[in-house]
Amino acid sequence: MIKGFCLACALVVASLIGLQIFINRTIDHTPVQVLRTFTEESKFKSAEVLKKSLSENTLVVMGSSELNSDSDKPSYPFSVFNTEDFNLLKVGQGGYQTLIHAGILGAIGPEMGYKKVLLILSPQWFVPQGIEAAAIPANLSISMVQTAMANEDLSEGLKRDFIERLIQGSQGFEGYQRSLQDLSSFYLDDSNDPILVFSTGINTNMDSFRQRWKLAMKLFPLKLDAQYFPSEPVFQKEEWLQSAIGRATESSTNNAFHIDDSYYLTNIQNQLDSLKNTGQDIDYSSSPEYEDLKLFLRMAKEQGIEVTLVSTPLHGQWADYTGFPLEKRQEYYAKIRAFAEAEDVRLADLSRHEYEPHFLKDIMHMGEVGWVYIDEVILNLRGD
Amino acid sequence: MKDKGLLQTTLLFYLLMMAILLYALWNESTGAPAFIYNNF
């Protein structure tokens with residue numbers, strides 16, 4: 001019996017080593033150009049993978065669902081800027097908000113050779129209740145928080161404010177809160193409790209392994225083993241805008257809102273009447289998101305990272321239809337402008353494009369025309 | 001006969017340990033559900 005157990009232990013160790021080799025090989029063999037633009041939860045939750053995707057010429061672009069995928073669109077920035085001389089690291093998908101990005105920036109900051117980050121703000125983040133509790137444990141891994149806590153560039157005060165905000169924001173997720181509390185005790189209260197030290201180490205290492213394993217399982221079937229080196233197209237704003245408008249017009253033929261046909265069919269057509277005037281009570285002028293944004297800026301500032309915020313517009317025509325008052329929308333845009341000025345942070349204000357057809361492809365996500373303006377923002381940023 | 005018994009015991013322990021380990025490694029222990037963002 002004991003002999004059998006020992007042999008089984010040896011086999012388990014060998015199997016884990018084999019799994020580790022499989023994970024490393026799969027991730028290492030994925031072209032970094034693909035890894036940088038890959039949209040996958042486990043990538044965004046692995047500090048190791050994000051760090052590995054960075055180079056001296058990588059601008060980190062953070063956002064939410066608008067980043068999900070527009071790779072078939074010529075003006076999509078992650079396709080435009082993807083050379084060795086200048087490229088983008090995509091961080092975010094639906095559910096990612098400023099607090100999550102603050103944690104990720106805190107974790108990867110020391111590895112960022114190109115000390116600039118672009119944060120695309122979605123107006124929908126600034127709801128009165130702020131980020132949903134479930135979005136925090138689902139999108140910010142414990143290993144990511146641990147990497148941020150271990151970052152020596154960050155002050156103890158900032159780490160404490162950050163982890164307290166995470167604990168407060170993730171109410172209802174006791175397991176996650178316990179892990180955060182352990183990290184807080186370990187890194188901020190200098191606890192030497194051997195059980196805490198052991199459990200924190202095991203917990204964060206297992207989480208790091210888990211995220212890389214999940215990513216490897218997504219990458220492996222894609223067989224992305226060939227390196228490719230795309231060249232960067234020459235940006236010509238007017239020409240790109242005209243082409244974008246042409247393509248977008250062709251794909252929005254069944255509605256008066258210039259929304260993509262498929263989105264309109266799936267999400268709006270059958271409930272158009274019932275959606276009228278449903279936005280009368282929307283208000284983005286007061287939200288915990290503004291404080292989370294301050295945390296994000298502190299994370300950047302303490303690491304010497306220059307932030308550019310992008311203020312994206314709502315869909316003007318749709319907002320009018322749903323009764324979201326113009327004054328309330330203007331109030332939100334003005335608040336973002338005032339915030340940027342008060343915090344002395346660079347702002348690319350695209351809010352004036354509310355009524356520009358195809359700036360958004362649906363009622364909230366960046367469209368072909370919108371991406372051209374984002375390309376311009378990135379080019380200006382690179383030129384500095 | 002003795003070898004067969006050892007093989008069975010080893011296999012049993014191996015499968016049991018791997019099942020527990022892989023389950024613990026794959027599943028988040030934070031109590032966090034998959035968060036599906038409502039795009040609409």
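None of these values were measured; they are calculated from a predicted model. Each chain gets a letter, A, B and so on, in the order its sequence line appears, and its residues count up from 1.
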**OP:** Measure distances from A/F5 to the heavy atoms of chain B and classify the residue's part below 4.5 Å as side chain, backbone, both or neither.
**Re:** both
Original post:
Among B/L11, B/T9, B/L21, B/T10, who wins on heavy-atom pairs under 4.5 Å with chain A?
Top reply: B/T10
Subject >> Contacts of type side-chain hydrogen bond (donor to acceptor under 3.5 Å, both in side chains), residue A/S15, not counting sequence neighbours >> reply: B/Y14
Subject >> Under 4.5 Å from a heavy atom of chain B, the part of A/I136 involved >> reply: neither
Original post:
Is there a donor-acceptor contact under 3.5 Å from the side chain of A/Y321 to the main chain of A/L272?
Top reply: yes
Subject >> Steps toward side-chain contact (heavy atoms from CB on, under 4.5 Å) verdict (A/W318, A/L275) >> reply: CA-CA 10 Å; A/W318 180 254; A/L275 288 168; 3.8 Å; yes
Subject >> Residue, of A/K214, A/Q93, A/K3, A/M206, that accumulates the most heavy atom pairs under 4.5 Å with chain B >> reply: A/K214
**OP:** With a 4.5 angstrom heavy-atom cut-off, could you sort out which part of A/C9 is near chain B: side chain, backbone, both or neither?
**Re:** both
Original post:
Do A/D207 and A/K45 sit within salt-bridge range, that is, some charged N less than 4.0 Å from a carboxylate O?
Top reply: no
Original post:
Using non-hydrogen atoms only, which part of B/L22 is less than 4.5 Å away from chain A: side chain, backbone, both, or neither?
Top reply: both
Original post:
Taking only residues two or more places apart in sequence, or in another chain, which ones meet A/Q168 in a side-chain contact (heavy atoms from CB on, under 4.5 Å)?
Top reply: A/R165
Original post:
Quick check, are the ring centers of A/F257 and A/Y263 under 6.0 angstrom apart?
Top reply: no
Subject >> A/L180 portion near chain B, given a 4.5 angstrom heavy-atom threshold >> reply: neither
